[in-house]
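Chain A is the first sequence line, chain B the second, and so forth, proteins listed ahead of strands; every chain is numbered from 1. Treat the numbers as computed from the prediction; the structure is a model and nothing was measured. Hydrogens, waters and symmetry mates are skipped; everything else that's a heavy atom, side chains included, is used.
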There are 2 protein chains.
Amino acid sequence: MTQRRGRFPTREELRIWRDFIETTEALRAATAARLLSESGLSTGDYSVLLALSEAENGRLRSSELAATIGWERSRLSHHLGRMDRRGLIRRENCTEDNRGAEAVLTEEGAAAFHRATVPHLRAIRELFVDGLTPAQIRAAGDLAAALRDHLILDREKEENL
Amino acid sequence: MTQRRGRFPTREELRIWRDFIETTEALRAATAARLLSESGLSTGDYSVLLALSEAENGRLRSSELAATIGWERSRLSHHLGRMDRRGLIRRENCTEDNRGAEAVLTEEGAAAFHRATVPHLRAIRELFVDGLTPAQIRAAGDLAAALRDHLILDREKEENL
DNA sequence: CGGAAATGATTGACGTGTCAATTATATTCC
DNA sequence: GGAATATAATTGACACGTCAATCATTTCCG
């Protein structure tokens, strides 16, 4: 086996990179478009509503919510603003810490989430699961794990510069 | 083997779906952030500049360019507007068809592209290639092919409704 | 020829994501 | 106690993507 690390990607590696990144992006876009057209929710909305639905009393501190779904604060803040305007959530001040804010699931938000769930699961099956063999699905899990671990390593290396 | 098609994803399939979609999104974001910080170009800029660099005389009809990189017209139009403002490309009227427009690579655009290439290839190696075994890279290619074919089928089914 | 339809491209509105700056409150520690 | 600092969250500016509407030109065809 020849030395690979430290060199540029080969033509073949580059071809696979492009295929992979473009296809996963297309898959993401297709799922998002289905969710939006079938339920009026964006994937962002869905993540927020899912997290709130699973939270106690349908409410979470902004920072908890951000951590749960892995978003930056400001992204969440902007998004909650839009969801608030649409009546999907409500914002309340946090009693224990006056700096804090809580996002609260509204009835309307809960209803929208419930309407969205079944079609969304169906879309995931149709667009992802049905396109792959069981072995390929396992391979997708392996790939995700390997890439995620590697990304984390890389980020840590960056930070300890 | 039990019947799977037509049912909701299993817990395990759903876990893999989430892992997969989140990780590929994180990978995309990480590569884009590297490219931007190292060269001042977005991945969109890079795609456009790559296509123009490979085109004859560094120029392409808008529609050709859109087809080459697989973008919608309006997306390209907005993007070319931004790149034009930054001096990376120039727009010219098409002589054969007065409706048409051509995007032309400027010296500045070509220079920016050349500065970006090496660091970008390095980032792809570091973030993608180095995180996977050769077998996993092949698996990524297989997955992309399977998902892409399936997405196309699905789109065709949709259109012939 | 001349009007209807098709084609190439742009535009505006709006949701989304990131970054840097800001505001407000809480904590730390001299 | 009170200034320095840290933390929670919001805001503004700007790039990006999508959709529907628009505009100009060309093509089709009666």
Side-chain angles (χ1 to χ4, degrees), chain A residues 22 25-37 39-48 59-104 112, chain B residues 22 25-26 28-37 39-48 59-86 88-104 155:
Chain A
E22 278 166 19
E25 169 59 16
L27 177 60
R28 197 201 54 70
T31 325
R34 282 268 303 248
L35 180 61
L36 189 59
S37 77
S39 72
L41 297 179
S42 68
T43 56
D45 299 335
Y46 192 87
S47 297
V48 168
R59 64 171 59 219
L60 274 176
R61 282 285 293 272
S62 269
S63 43
E64 297 284 335
L65 180 50
T68 303
I69 61 183
W71 284 13
E72 291 185 8
R73 279 157 182 299
S74 91
R75 177 180 178 187
L76 181 61
S77 198
H78 283 299
H79 206 94
L80 290 182
R82 291 187 293 265
M83 292 180 75
D84 193 355
R85 247 184 283 136
R86 291 192 288 152
L88 296 171
I89 59 119
R90 197 172 63 241
R91 279 158 143 159
E92 289 185 6
N93 289 333
C94 179
T95 50
E96 308 131 36
D97 185 336
N98 282 316
R99 291 170 301 184
E102 284 185 330
V104 188
Chain B
E22 279 166 18
E25 168 60 18
R28 194 202 55 70
T31 325
R34 281 268 304 249
L35 180 62
L36 189 59
S37 76
S39 72
L41 298 179
S42 69
T43 56
D45 299 335
Y46 192 87
S47 297
V48 168
R59 65 170 57 221
L60 274 176
R61 284 284 294 271
S62 268
S63 43
E64 297 285 335
L65 179 50
T68 302
I69 61 184
W71 284 13
E72 289 187 9
R73 280 158 184 295
S74 92
R75 177 181 177 186
L76 180 61
S77 198
H78 283 298
H79 206 95
L80 290 181
R82 292 187 292 264
M83 292 181 75
D84 193 355
R85 250 184 281 135
R86 291 192 289 152
L88 296 171
I89 60 119
R90 198 172 61 239
R91 279 158 144 160
E92 289 185 7
N93 287 334
C94 179
T95 50
E96 309 132 36
D97 186 334
N98 283 315
R99 290 169 302 185
E102 283 186 331
V104 187
R155 190 165 324 140

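- Across the protein-nucleic acid pair, A/E72 atom CD and D/dT10 atom C1' stand 14 Å apart, rounded to whole Å.
- We find that CG of B/N93 is positioned 13 Å from C1' of C/dT10, with the value rounded to whole Å.
- Taking only side-chain nitrogens and oxygens, A/S74 never comes nearer than 4.0 Å to OP1 or OP2 of C/dG17.
- At least one side-chain heavy atom of B/S77 sits under 4.5 Å from a side-chain heavy atom of B/R91.
- The interatomic distance linking A/R73 (CZ) with D/dT11 (P) rounds to 14 Å, in whole Å.
- With rounding to whole Å, A/R91 atom CZ is found 15 Å from C/dA24 atom C1'.
- Atom-to-atom, CD of B/E96 to P of C/dA9 comes out at 11 Å; the value is rounded to the nearest Å.
- One finds no side-chain N or O of A/N98 lying less than 4.0 angstrom from the OP1 or OP2 phosphate oxygen of C/dA24.
- Here the P atom of nucleotide D/dC16 and the CG atom of B/L41 are 10 Å apart, to the nearest Å.
- Here the P atom of nucleotide D/dA8 and the CZ atom of A/R61 are 7 Å apart, to the nearest Å.
- Checking side-chain atoms of B/D45 against main-chain N and O of B/S42 turns up a donor-acceptor pair under 3.5 Å.
- In terms of polar N and O atoms assigned as donor or acceptor, the side chain of B/R99 comes within less than 3.5 Å of the base of C/dT7 in a complementary pairing.
- Across all their heavy atoms, A/I89 and A/A103 have their closest contact at CD1-CB, 4.5 Å.
- For B/S42 against D/dC16, no side-chain N or O and base N or O form a donor-acceptor pair under 3.5 Å.
- Checking B/H79 against A/E64, the closest nucleotide of DNA chain D that is more toward the 5' end is the one next to A/E64.
- Looking at heavy-atom distances under 4.0 Å, A/S77 makes contact with a base.
- Nucleotide C/dA13 holds its P atom 22 Å from the CZ atom of B/R75, rounded to whole Å.
- Of the possible donor and acceptor atoms, none in the side chain of A/S39 sits under 3.5 Å from a partner among the backbone N and O of A/L36.
- If B/A101 and B/H78 are placed on DNA chain C by their nearest nucleotide, the residue sitting closer to the 5' end is B/A101.
- Side chains of B/R73 and B/S63 form a contact here, defined as non-hydrogen atoms less than 4.5 Å apart.
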